Amino acid sequence: MIKGWVAGRRDHGGLIFIDLRDRSGIMQVTLNPDNHPDAHAIAESVRSEWVLEIEGTVESRPEGTQNNSMATGTIELNANRLVVLNESLTPPFYIQDDIDVDESLRLRYRYLDLRRPSMYKILELRSKVTKFIRDFLDAKGFLEVETPILIKSTPEGARDFLVPSRMQPGSFYALPQSPQQLKQLLMVSGIEKYYQIARCFRDEDLRADRQPEFTQLDLEMSFVSEDDVLDLTESLYTEMIKTILPDKKLTCPFPKLTYKQAIDDYGSDKPDLRFDLKMINITEIASKTTFNVFLNTIKSGGQIKAIVVPKEGSASNNVIRQLTKLAGDCGAPGLAHIRFKGEEILFSPGLSLDNSLLEELRNTVKVTGSDLVLIMGGPQSSLNSTFSAFRTGVAIQFDLIEPDSLAFAFITSFPLFEWDTTGKRWTSSHHPFTAPRDEDMPKLNSGDFENIDSKAYDLVCNGMELASGSIRIHDRATQQKIFEILGHQKADIKERFGQMLEAFEYGAPPHGGIAPGIDRLIAILSDTDSIRDVIAFPKTQSGNDLLFGSPAVVDDVQLRDLGINLNNT
RNA sequence: GGCCCCGUGGUGUAGCGGUUUAACAUAUUGCCCUGUCACGGCAAAGAUCGUCGGUUCGAAUCCGAUCGGGGUCGCCA
């Protein structure tokens, strides 16, 4: 006996075929009027998405009627009894994979959208991943601890979602941006190894990879070094993927790049390492040319960088045109190139290098054969982001991305502080509890804040930031010093972080952790572009839930209870 | 907050100032059909073109505003 939804029905006048779908797949049911007229009669009225219960015998299909494009294509259920458990309206869109329907319609009827096998597969993958995480960390002695969803607003970083208090009108809870402070307090409590699959909330503008509420694996350990955290993270990911998705290709051990290396080589702190295409600084060589575009860029403080696309030296003019357009789309003012085409060398218009300079370039960028060299210039900051985007485009253009590859890498030694040019103050690049690197500790007092590196690290994969963490500060004096540098007033510090500082005076162990984003991980593992596809009930870019219609106005009574007046603007 | 793209029967598209009674596919409904699996055949029904305003003799088509969706920059400790 099987139960499920009608995915399709083919009525041949006599014989009726019904494709019945349940979460395990699709099974063809045959109804023959000669053998079981009652069941056949009911089947005549059945429509798409009706819910049926069917009894019969599973048989192999007659010779010549097998369907190789279907998992159950060699068998069928010969029905002798059919019960309609429920009827269905005609669905607003097809319940099948590879549909091309407006996303807002899918979200409006999300329960039908999730009925599609590909969506089920994603939810199933997600469930397997979180189960694997729990089993893995449990086996390593971690304790899963839940932390409150109603906490206190600590304005710093992202905007908080606020929840008004009825019992104390005028006061508000905040939803946690992450359980950061709570997990550090758990370290002070002696938990030693904590984790939680935690919901986080940030009231910021949304993107394909950002939702107002999202899920992180939050974890923290006492008495650990940076390498301890990274090793654990690496084995979690590699074993997870080996177990759940053995066909994915990954490189182990994960490469470690410092922040500076990542920026220098790839122009990004989340480089896509599925392909090489390193940026090479050729400012010095460019300064010796007579090419005015380069010279002017250098004169105004800019740099010239190149990438080598191996074996593409014979790229056509048309390809060069496409690349030039791509460069423009990425924000570059222009694109110069050199095509090494065997003995022949083609320069982009206006550019030329004499033999010795050409040799120098060849050695610097390591041209070995018939390669294509692409060159861009600009002010350092914008050149990096432009080049980084361009790099990805070039990889797509020349098909350099191997399918199913997962290029993980750790990015380490982020700067501890960033200068906020609008606020004219130092801010934490990670968060204010991040420890400086030991060798940079003296700079906290010497004032060379810009050059203090931190014990913060990210895990990146395929050009996306997947996790972020740090070794924390555990002594009060250093923490106090950091707050001072960040420009917090004493009263202010006490108000926002008093509970942390106080706790740290009662024997806080050295500790550190990491917080891998679950939504982005599932998106990468399931080859989807948007994390909306891996969240059962996501919100739109403007934060609307199209199914429930939230956010929504509430009763005056509810507002009055909360002591809230709306100003009707 | 800025910039860009999209909005036409249930769904996906075409039409981009007047031969349009808005086209096509699919879904839907009815009839026919006993081995299909994107079943097939015949027929029917179904959209005042997101909304409001303007330009014009005439607007799905041009302009403006607005709403909804998407992408992106800012933002996201």
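Just the heavy atoms: all of them, side chains too, but no hydrogens, waters or symmetry mates, feed the values below. Remember, it's a predicted structure, so these values are computed and weren't measured experimentally. Chain letters run A, B, ... following the sequence lines, proteins first, then strands; residues in each count from 1.
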**Q.** Spacing between A:R207 atom CZ and B:C4 atom C1', to the nearest angstrom
**A.** 13 Å
Q: Measure from CD on A:E49 to C1' on B:G10 and round the result to the nearest Å.
A: 14 Å
Q.
Under 4.0 Å, heavy atoms only, any strand: does A:Q96 hit a base, just the sugar-phosphate, or nothing?
A. nothing
(Q) Need one value for A:E465: base, sugar-phosphate or nothing, where a base atom within 4.0 Å counts as base even if backbone is also close, heavy atoms only. (A) nothing
Q. Between A:D440 and A:K443, is there a side-chain N and carboxylate O pair less than 4.0 Å apart?
A. yes
(Q) Strictly below 4.0 Å: does A:S69 bring a side-chain N or O up to OP1 or OP2 of B:C37? (A) no
(Q) Assess whether a salt bridge exists between A:R126 and A:D519, defined as any Lys/Arg side-chain N lying under 4.0 Å from an Asp/Glu carboxylate O. (A) yes
Q: Could you tell me whether A:R210 and A:E204 have a side-chain N and a carboxylate O separated by less than 4.0 Å?
A: no
Q | Test: A:D438 and A:K455 ion pair at under 4.0 Å | A | yes
**Q.** Heavy-atom donor-acceptor pair, A:D97 side chain to A:S118 backbone, under 3.5 Å
**A.** yes
Q | By side chain to side chain donor-acceptor pair (under 3.5 Å) - contacts of A:D102 (at least two apart) | A | A:S104
Q. Can you find an N or O donor on one side and an acceptor on the other, under 3.5 Å apart, linking the side chain of A:R9 with the base of B:C37?
A. no
Q: Figure out the CD/C1' separation between A:Q541 and B:G74, and round it to whole Å.
A: 13 Å
Q) Counting only heavy atoms not in A:F172, do more than 12 sit closer than 6.0 Å to its CZ atom? A) yes
Q) Hey, does A:D11 reach any base, or is it just sugar-phosphate, or nothing, if we go heavy atoms under 4.0 Å? A) base
Q) Touch check for A:E76, heavy atoms < 4.0 angstrom, all strands: base, sugar-phosphate only, or nothing? A) base
Q | Aromatic-base stack, A:H12 on B:C33, cutoff 5.5 Å, angle under 30 | A | no
**Q.** Atom pair distance, as rounded to whole Å: CG in A:L112 and P in B:A27
**A.** 18 Å
(Q) Please pick, from B:U34, B:G35, B:G74, the nucleotide with the shortest atom-to-atom distance to any side-chain atom of A:P33. (A) B:U34
Q: Inspect the contact between A:E49 and A:R21 and indicate whether a charged nitrogen and a carboxylate oxygen are less than 4.0 angstrom apart.
A: yes
Q) Rounded to whole angstrom units, what separation is found between the CG atom of A:L15 and the P atom of B:C37? A) 13 Å
(Q) Need one value for A:S530: base, sugar-phosphate or nothing, where a base atom within 4.0 Å counts as base even if backbone is also close, heavy atoms only. (A) nothing
**Q.** Whole-Å distance separating the CZ atom of A:R159 from the P atom of B:G1
**A.** 10 Å
Q. When all nucleic acid strands are considered with a 4.0 Å heavy-atom cut-off, which category describes A:F433: base, sugar-phosphate, or nothing?
A. nothing
Q.
Does A:L546 reach a base, just sugar-phosphate, or nothing at all? Heavy atoms under 4.0 Å.
A. sugar-phosphate
Q) Is there a side-chain polar atom (N or O) of A:R10 under 4.0 Å from OP1 or OP2 of B:U36? A) no
Q. With rounding to whole Å, what would you report as the distance between B:C24 and B:A45 at their P atoms?
A. 14 Å
Q) Just to confirm, is there a sub-4.0 Å distance from OP1 or OP2 of B:U36 to any side-chain nitrogen or oxygen of A:N67? A) no
Q) Taking OP1 and OP2 of B:U36, is either one under 4.0 Å from a side-chain nitrogen or oxygen of A:Q28? A) no
Q: Indicate, with a heavy-atom threshold strictly under 4.0 Å, whether A:T427 touches base, sugar-phosphate, or nothing.
A: nothing
Q: Sticking with atom C1', work out how far B:A59 lies from B:U48, rounded to a whole angstrom.
A: 12 Å
Q) Checking all strands, does A:P92 fall into the base, sugar-phosphate, or nothing category for heavy-atom contacts under 4.0 angstrom? A) sugar-phosphate
Q. Are side-chain heavy atoms of A:M119 and A:R106 found at a separation under 4.5 Å?
A. yes
Q: Using Watson-Crick or G-U wobble geometry with both distances below 3.5 Å, tell me the partner of B:C62, or none.
A: B:G54
Q) Should A:R47 be listed as having a side-chain N or O under 4.0 Å from OP1 or OP2 of B:A27? A) no
Q | Spacing of A:E418 atom CD relative to B:C75 atom C1', expressed in whole Å | A | 13 Å
**Q.** Contact under 4.0 Å: A:T540 side-chain N or O vs B:G69 OP1/OP2
**A.** yes
**Q.** Under 5.5 Å and under 30°: A:F93 stacked on B:U11
**A.** no
Q | Distance, nearest 0.5 Å, that separates CD1 of A:I535 from CD of A:Q211 | A | 4.5 Å
**Q.** Heavy-atom donor-acceptor pair, A:R202 side-chain to B:C76 base, under 3.5 Å
**A.** no
**Q.** C1' spacing across the pair B:U34 / B:G40, given as an integer number of angstrom
**A.** 13 Å
Q. Which nucleotide, B:G10, B:G69, B:U34, lies nearest any side-chain atom of A:Y94?
A. B:G10
Q) So which one's nearest nucleotide on RNA chain B is more toward 5', A:R532 or A:M70? A) A:M70
Q. To the nearest Å, how far apart are A:R210 CZ and B:G74 C1'?
A. 10 Å
Q: Within residues 99-109 of chain A, find the residues that approach RNA chain B with a heavy atom at under 4.0 Å, and present them sorted by residue number.
A: A:D100, A:V101, A:D102, A:E103, A:S104, A:L105
